[in-house]
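Presented below is the structure to which this report refers.
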Number of protein chains: 2
Amino acid sequence: MNIKEVAKRAKVSTATVSRTINDSEKVKPGTAARVRKAIEELNFYPNTHARTLVSGRSRMLGLIISDITNPFFPELVKSFEDQAVERGQEVIIGNTDYNPKRMAGCIRRMVERKVDGVAIMTSEADPALVTELTRRNIPTVFMDTGKTGPHSANIRIDYAQGIHEALQHLFVLNHRRIAFIAGPMNLESARMRRDAYLSGLKSRGLSESMVEKGDHRIEGGAMAMRSLLKLPQRPTAVITSNDLTAIGALGAILHAGLRVPEDISLIGFDDISFAHLTQPPLTTVILSRTQLAVTAFAALEALIRKDGPHADYSIPTHLVMRGSTRAI
Amino acid sequence: MNIKEVAKRAKVSTATVSRTINDSEKVKPGTAARVRKAIEELNFYPNTHARTLVSGRSRMLGLIISDITNPFFPELVKSFEDQAVERGQEVIIGNTDYNPKRMAGCIRRMVERKVDGVAIMTSEADPALVTELTRRNIPTVFMDTGKTGPHSANIRIDYAQGIHEALQHLFVLNHRRIAFIAGPMNLESARMRRDAYLSGLKSRGLSESMVEKGDHRIEGGAMAMRSLLKLPQRPTAVITSNDLTAIGALGAILHAGLRVPEDISLIGFDDISFAHLTQPPLTTVILSRTQLAVTAFAALEALIRKDGPHADYSIPTHLVMRGSTRAI
DNA sequence: GCTAGTTCTGTAAACGCTTACAATATATAG
DNA sequence: CTATATATTGTAAGCGTTTACAGAACTAGC
């Protein structure tokens with residue numbers, strides 16, 4: 001089943017069929033109707049590979065993320081995909097599993113499949129690998145950190161804002177001994193959150209910082225929390241670098257026989273879907289995946305269409321108060 | 001950058017380049033080495049679309065699911081994708097959003113992209129839509145329910161086993177007033193779970209069944225649980241059709257001032273990643289997404305290779321005991 | 001009715017690869 | 001060294017589209 005058979009049935013040339021499908025050029029209404037009827041009757045779907053081959057555009061986009069099973073990502077994937085499908089684009093997903101080698105594989109796949117552009121939200125984005133994309137002029141959008149260039153844009157996430165709001169919230173609730181459980185320090189975005197905590201403390205005249213290192217996973221959060229609980233003067237409140245860390249910390253606190261928020265206030269980051277299902281529901285910082293995806297998609301589209309200079313895209317983060325914080 | 005330039009650089013014909021890439025026919029080691037060197041130097045990646053066009057195989061697989069943000073699916077996606085990437089296949093994901101219209105769109109996309117096969121795990125699999133695939137002889141695997149045929153296989157999930165184990169577990173703990181919160185009844189797999197509950201009760205001589213209807217989401221679980229709590233004689237244990245339902249029920253129980261498992265024992269289904277993070281950790285039934293994905297992939301591959309008659313694929317489910325159940 | 005302009009349609013050459021088939025090189029036997 | 005078999009390579013025809021370019025069919029003006 002191909003365009004030739006359609007052409008034969010509609011008694012026109014393949015060119016005319018192509019033109020009615022794409023309405024790229026004027027086709028006489030009567031002819032177009034005939035063609036459409038033939039398409040309908042033959043149940044014809046154009047072959048995208050042939051299209052790609054000649055047009056150079058695959059109508060496929062790549063989306064590279066660290067780990068789809070990390071509850072942060074599915075919403076991002078979904079929003080991004082929704083955008084794409086709406087515009088007749090396909091999305092192929094690359095899972096790096098936090099593994100630079102797999103990241104290389106992902107990029108290779110993207111190139112082989114001739115994607116029209118790639119959106120990347122991983123920390124393993126080794127510049128050398130990304131070169132593979134820019135060298136081929138494949139538009140690239142980084143959601144996090146990354147350089148802006150003729151073929152790439154960067155979406156800045158305002159981590160500091162959320163951390164400052166969290167800090168302010170605790171401050172108003174009279175907390176003064178506020179600890180922070182950080183993420184892995186090789187991750188720029190994790191460093192940004194920690195630094196925001198430190199600068200926020202300083203600007204409020206609190207000299208005593210307590211930073212414990214986590215790994216953005218549950219286990220690391222629990223371990224860090226156990227350390228904090230062993231301190232001679234344990235914190236009255238804890239801010240964490242992400243929600244999984246907070247969930248781990250929450251478990252450690254409960255396990256130690258303490259209560260949240262009566263004994264310790266706890267704040268997460270990301271607002272993953274399960275954050276409001278913990279006991280108590282977690283006060284956390286919202287980072288809208290939908291907004292992130294929409295912005296990334298728009299940036300990518302602009303890049304693909306070569307729409308002049310690209311704005312400095314930025315995503316805000318905001319505190320949402322739930323049950324895990326309380327005044328002392 | 002194409003195969004011609006590689007050929008020129010290696011001083012061979014394009015056919016030889018193609019042959020070394022695919023090692024489809026014998027190529028003299030020396031020549032092959034020269035070709036590979038040229039590929040390396042030119043950083044050549046073959047164009048998959050051209051390949052597909054001529055070979056008829058796209059090396060892409062479709063995976064259609066209901067909702068990627070439902071925590072059940074990401075692991076399935078990941079395992080499936082891992083399998084695929086390992087064999088040089090790409091996966092394109094279709095999200096139906098529980099919407100038959102979007103399901104139709106997904107199928108259309110799969111056909112247009114000429115996927116080599118499709119794996120489907122949704123309840124919206126309207127037979128008329130699926131015809132679109134079978135008519136084109138696109139191998140299809142159903143993970144749940146669906147018909148077996150020359151171009152399709154069915155993975156049976158043994159829901160009954162898990163439910164029976166749950167029931168037995170509660171029975172041994174002396175529970176006799178055991179309720180069940182079901183899923184949406186238009187979903188065959190939900191009906192199977194409910195029926196297993198009913199038959200399990202009967203075989204143990206318990207005549208009094210309590211079935212409340214949920215929707216496989218948190219809210220429905222909470223609502224159903226509130227109804228159960230209003231009963232003159234409330235159940236001492238509740239089995240739910242999936243974990244989200246259980247999480248909703250858990251919230252309703254706690255909200256009513258009761259405790260789990262002291263006042264009511266609770267069992268979920270699926271073992272989503274957050275099931276062991278609830279307070280108390282949820283006793284639930286494990287349905288291995290990895291196993292499901294691996295089986296589905298194998299079935300699909302067999303179908304694609306036309307490997308004779310297909311076994312009756314089946315996935316077991318088993319109870320895992322955690323903290324939400326207790327003897328009375 | 002003729003011409004110029006406009007609209008519509010057809011022809012055929014790509015796009016980058018695979019693969020019959022043909023041709024050439026190499027090995028083997030006599 | 002020649003003849004034959006075998007291993008290796010090259011030629012060229014597709015795969016199903018899109019799209020310059022050319023040609024045909026209208027339309028309008030006179």
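Nothing here was measured: the structure is a model prediction, and the numbers come from that model. Naming convention: chains lettered A, B, ... in sequence-line order (proteins, then strands); numbering from 1 in each chain.
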Quickly work out the B/Arg19 CZ to D/dG10 C1' distance and round it to whole Å. 7 Å

For a quick test of reading the model: is some side-chain N or O of B/Asn22 closer than 4.0 Å to OP1 or OP2 of C/dT18? yes

Where the side chain of B/Lys26 is concerned, which of C/dA20, C/dC17, D/dT8 is the nearest nucleotide? D/dT8

Side-chain contact check for A/Ala15: nearest option of C/dG16, D/dG16, C/dT11 is C/dT11

A/Glu301 and its side-chain hydrogen bond (donor to acceptor under 3.5 Å, both in side chains) partner, picked from A/Gln89, A/Arg87, A/Gln83: A/Arg87

Between C1' on C/dA14 and CG on B/Asn47, what's the gap in Å once rounded to a whole number? 14 Å

Within this structure, what is the NE2-to-C1' distance between B/His49 and D/dC15, rounded to whole angstrom? 15 Å

Rounded to whole angstrom units, what separation is found between the CD1 atom of A/Ile3 and the C1' atom of D/dC15? 13 Å

Geometric cation-pi criterion, A/Arg136 with B/Tyr45: 6.0 Å, 45°: yes

Of the options D/dT17, D/dT8, D/dG14, whose atoms approach the side-chain atoms of B/Val54 most closely? D/dG14

Starting at NZ of A/Lys4 and ending at P of C/dA12, how long is that distance when rounded to a whole Å? 12 Å

Can you find a side chain N or O atom of B/Thr16 that sits less than 4.0 Å from OP1 or OP2 on D/dG10? yes

Would you indicate what A/Val12 reaches in the nucleic acid, counting non-hydrogen atoms under 4.0 angstrom: base, sugar-phosphate, or nothing? sugar-phosphate

How close or far is atom P of D/dC15 from atom CD of A/Glu5, stated in whole angstroms? 11 Å

Give a yes/no answer on whether the side chain of A/Thr31 brings an N or O atom under 4.0 Å of OP1 or OP2 in C/dT9. yes

Per nearest nucleotide of DNA chain C, the residue lying toward the 5' end, B/Lys28 or B/Pro46, is B/Pro46

Parallel, tilted or perpendicular, judged at 30° and 60°: which one describes the rings of A/His49 and B/His49? tilted

If you check every side-chain atom of A/Asn2, which of C/dG10, C/dT9, D/dG16 has the closest atom? D/dG16

Return the value, rounded to whole Å, for the distance between atom CG of A/Asp23 and atom P of D/dT18. 12 Å

Hey, does A/Asp67 have a side-chain heavy atom less than 4.5 Å from the side chain of A/Asn95? yes

Grab the CD-C1' distance between B/Glu25 and C/dT18 for me, whole Å please. 10 Å

